[in-house]
Structures are given as structure tokens and as C-alpha cells.
Asker: 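The structure's right below; bear with me while I get my questions together.
Throughout, residue positions are numbered sequentially from 1 according to the sequence presented.
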Amino acid sequence: MRLLIVEDDDIVADAVARGLAGDHWSAVRAASAEAALAALAAEEFDLAIVDVGLPGIDGLSLVRRLRGTGRTLPTLVLTARCTLADRVKALDLGADDFLSKPFEPAELAARCRALLRRTHGALGQTIRMRRMTVDLAGRRLRIDDGDVDLTAREWLVLECLVRRIGLIVSKDRLLQALSGPDQDASANAVELQVSRLRAKLGDAATIRALRGLGYRLEETDPS
Ligand code: CA
């Protein structure tokens, strides 16, 4: 697996590379966003870890640029300051996950593995959870051994959440998903669809509301 580490601080970059050493990653280091863009133009990567604090173009602007060009490269953002506003901004700009510094190398490695699993799951178009199977291409939801019918709007919400299972999906993202060409959805519409979806999922999965951040779909622990 090819990893791009975008970090100007040698100590942190080394810690990132060390944290992932056991996972068969081959890492390329870029000390600036400009160097990262050059590396991305030259070769394919499986994952990028991007520090927010970079000289020149900052890490969040780099993420925005990548998303602006339609790149779906899974991206984990590292941030020294991790205020609510920073996290919301990182997610809204298209980061897939974030970790605040200082971090435990084992946690970083686990987050990277989870990101890749999700990416590959999304490519396969079928996402399997302990009790739920979501067939994105066929628009089919199975819970335990039964099919569950969803309305088109409930699907839009489930699809956003399941593609980022275990991660926060901002309310804005759900609003965009629910908005049609002719009409904007309201914040209330998001809450309504989430509550309807929750009723249909029952105890097979949990949609957690994170105040000010958005929602997160989580596996229900086996009882
Ligand atoms: Ca830095």
C-alpha cells in the first residue's frame, strides 16, 4: 500500500511512518502541499495523511483542492488544535477522518486500516455489518435475515452514513444529499429522515447525533 505523508515536521513524519511500519505501507514524504501535489501527479496512492499546519498552502486547503479535482483518495487530517470548529471544517472540506496531535501510533494505524476497509467496501458497493447488509448498487437493506423497505429519502441518508460508517457525517452533507435541483431541504428534514431511519434500523445499528458536528452510524455491540 502506498501512503503519502504530508508533514513538514520531521519528528511527526517519522512517528507516522513508524506507527504504520508493521502494516506493510511504503510511505512517501512531502514536506509541503506543493510537494504533495507534485507527488500525487506523478503516482497513485492508497491513502494520504495530511497535517493542517504546513508552510505555504495549509493542509485543509490541500484537501479542498484534492476534492475539487474529484480525487477520492482517502485522507486523514492531523491537527494540533482540535476545536469543534476545526473538526467541522476538516470534514466539510472533504477529509475522511482526523486525529489530533499528539497521537498514539497504534491509533493512527487502526484509523488508517479502517479508512481503507471503508473505501474498499464502498467500491464493492455492498457494506456488511454484523447484523446489516447494505447493497448500495441494488438499493437493498437486509437486517438479520429480512429485507427492510426504505423510502427514497431514507436511502439518501443511509447511503451517506454507511459510506462513512464509524465516522461523522456533517448535517450539511445530509442536507445536500436531501436537496433536489428545485428545492433545498431544511435542517428539520434531516432530523425527520434520521428519526424515521432509526425506527427502521431498530437495534441493528445506531445513528448517533453529535451535537454541532453531525451524525455517525455505529455498529451495535453484540449482546
Ligand atoms: Ca506541521
Asker: Can you check side chain to side chain contact (heavy atoms under 4.5 Å, CB included) on Asp10 and Arg29, steps first, answer last?
Answerer: CA-CA 10 Å; Asp10 292 338; Arg29 159 101 184 274; 2.9 Å; yes

Asker: Return yes if a side-chain donor-acceptor contact under 3.5 Å exists between Asp86 and Thr79, otherwise no.
Answerer: no

Asker: Show every donor-acceptor pair shorter than 3.5 Å between a side-chain atom in residues 31-42 and any protein atom, with sequence neighbours excluded, or say none if there are none.
Answerer:
residue	atom	partner	partner atom	Å
Ser32	OG	Ala35	N	3.1

Asker: I need the Leu99 CG to Glu104 CD distance, nearest 0.5 Å.
Answerer: 9.5 Å

Asker: Out of curiosity, Asp149 CG to Trp155 CH2, how far, rounded to the nearest 0.5 Å?
Answerer: 11.0 Å

Asker: Does some side-chain heavy atom of Leu141 sit less than 4.5 Å from a side-chain heavy atom of Thr133?
Answerer: no

Asker: Would you confirm whether Arg131, through its side chain, and Asp203, through its main-chain N or O, come within 3.5 Å as a donor-acceptor pair?
Answerer: yes

Asker: Between Glu154 and Lys200, does a salt bridge (Lys or Arg N to Asp or Glu O under 4.0 Å) hold up when you go through it step by step?
Answerer: CA-CA 10 Å; Glu154 289 161 357; Lys200 291 194 177 172; 2.8 Å; yes

Asker: Can you name the closest pair of heavy atoms from Thr220 and Arg130 and give their distance?
Answerer: O-NH1, 2.6 Å

Asker: Could you walk me through whether Asp51 and Lys101 satisfy the side chain to side chain contact (heavy atoms under 4.5 Å, CB included) test, starting with their C-alpha distance in whole Å, then the side-chain angles of each, then the deciding distance to 0.1 Å, before giving a yes or no?
Answerer: CA-CA 10 Å; Asp51 183 40; Lys101 294 197 271 187; 3.0 Å; yes

Asker: How long is the gap from CD1 on Ile5 to CG on Leu3, to the nearest 0.5 Å?
Answerer: 4.5 Å

Asker: Quick check for you: to the nearest 0.5 Å, what is the distance between Ile49 atom CD1 and Leu76 atom CG?
Answerer: 5.5 Å

Asker: Which pair of heavy atoms, one from Leu73 and one from Ala48, lies closest together, and at what distance?
Answerer: CD2-CB, 3.6 Å

Asker: CD1/Ile168 to CZ/Arg173 distance, rounded to the nearest 0.5 angstrom?
Answerer: 11.5 Å

Asker: Could you check whether any side-chain N or O of Arg216 sits under 3.5 Å from a backbone N or O of Leu167, counting only pairs where one atom can act as donor and the other as acceptor?
Answerer: no

Asker: Might you confirm whether atom CD of Glu219 has over 12 heavy atoms from other residues, nucleotides or ligands at distances under 6.0 Å?
Answerer: yes

Asker: Using the test side chain to side chain donor-acceptor pair (under 3.5 Å), find all partners of Asp97 that sit at least two apart in sequence or belong to another chain.
Answerer: Arg111

Asker: Listed by chain and number, what are the side-chain contact (heavy atoms from CB on, under 4.5 Å) partners of Asp135, not counting sequence neighbours?
Answerer: Thr126, Ala137, Arg140

Asker: Do side-chain atoms of Ser100 reach the backbone of Ala80 as a donor and acceptor pair under 3.5 angstrom?
Answerer: no

Asker: Report yes if the side chains of Leu217 and Leu201 come closer than 4.5 Å at any heavy-atom pair, otherwise no.
Answerer: yes

Asker: Going from CZ on Arg139 to CG on Leu158, what distance comes out if it is rounded to the nearest 0.5 angstrom?
Answerer: 10.0 Å

Asker: A side-chain contact here means heavy atoms from C-beta on lying under 4.5 Å apart; do Arg153 and Leu192 qualify?
Answerer: no

Asker: Which atoms form the tightest heavy-atom contact between Cys112 and Leu47, and what is the distance?
Answerer: SG-CD2, 3.4 Å

Asker: For a side chain to side chain contact (heavy atoms under 4.5 Å, CB included) check, start with the C-alpha distance between Thr75 and Arg67, then their side-chain angles and the critical distance, and finish with the verdict.
Answerer: CA-CA 10 Å; Thr75 303; Arg67 293 301 178 247; 3.4 Å; yes

Asker: Indicate yes or no: at least one non-hydrogen side-chain atom of Val50 is less than 4.5 angstrom from one of Leu78.
Answerer: no

Asker: Does Val194 reach the side chain of Val157, with side-chain heavy atoms less than 4.5 Å apart?
Answerer: yes

Asker: What heavy-atom pair brings Gly19 and Pro105 nearest, and what distance separates the two atoms?
Answerer: CA-CB, 3.6 Å

Asker: Is Arg87 reaching over with its side chain to a backbone N or O of Leu91, donor-acceptor style, under 3.5 angstrom?
Answerer: no

Asker: Determine yes or no for a side-chain-to-main-chain donor-acceptor pair under 3.5 angstrom, with Asp9 supplying the side chain and Ile11 the backbone.
Answerer: yes

Asker: Decide whether Phe98 and Val88 are clustered together by the hydrophobic rule: side chain heavy atoms of Ile, Leu, Val, Met, Phe, Trp, Tyr closer than 4.5 Å, transitively.
Answerer: yes

Asker: Arg128: what forms a salt bridge (charged side-chain N to carboxylate O under 4.0 Å, His left out) with it, not counting sequence neighbours?
Answerer: none

Asker: What's the shortest heavy-atom distance between Val52 and Val77, and which atoms?
Answerer: CG2-CG1, 3.4 Å

Asker: Provide the full list of side chain to side chain donor-acceptor pair (under 3.5 Å) pairs with a residue in residues 186-199, sequence neighbours left out, each pair given once.
Answerer: Lys171-Glu191

Asker: Show me the side-chain donor-acceptor pairs of residues 204-214 shorter than 3.5 Å, one per line, residues at least two apart or across chains.
Answerer:
residue	atom	partner	partner atom	Å
Arg208	NE	Glu218	OE1	2.8
Arg208	NE	Glu218	OE2	3.0
Arg208	NH2	Glu218	OE1	2.9

Asker: In terms of hydrophobic clusters joined by side-chain contacts under 4.5 Å, are Leu93 and Ile57 together?
Answerer: no

Asker: Considering all heavy atoms of both residues, which atom of Ser170 and which atom of Asp92 are nearest to each other, and what is their separation?
Answerer: OG-OD1, 2.9 Å

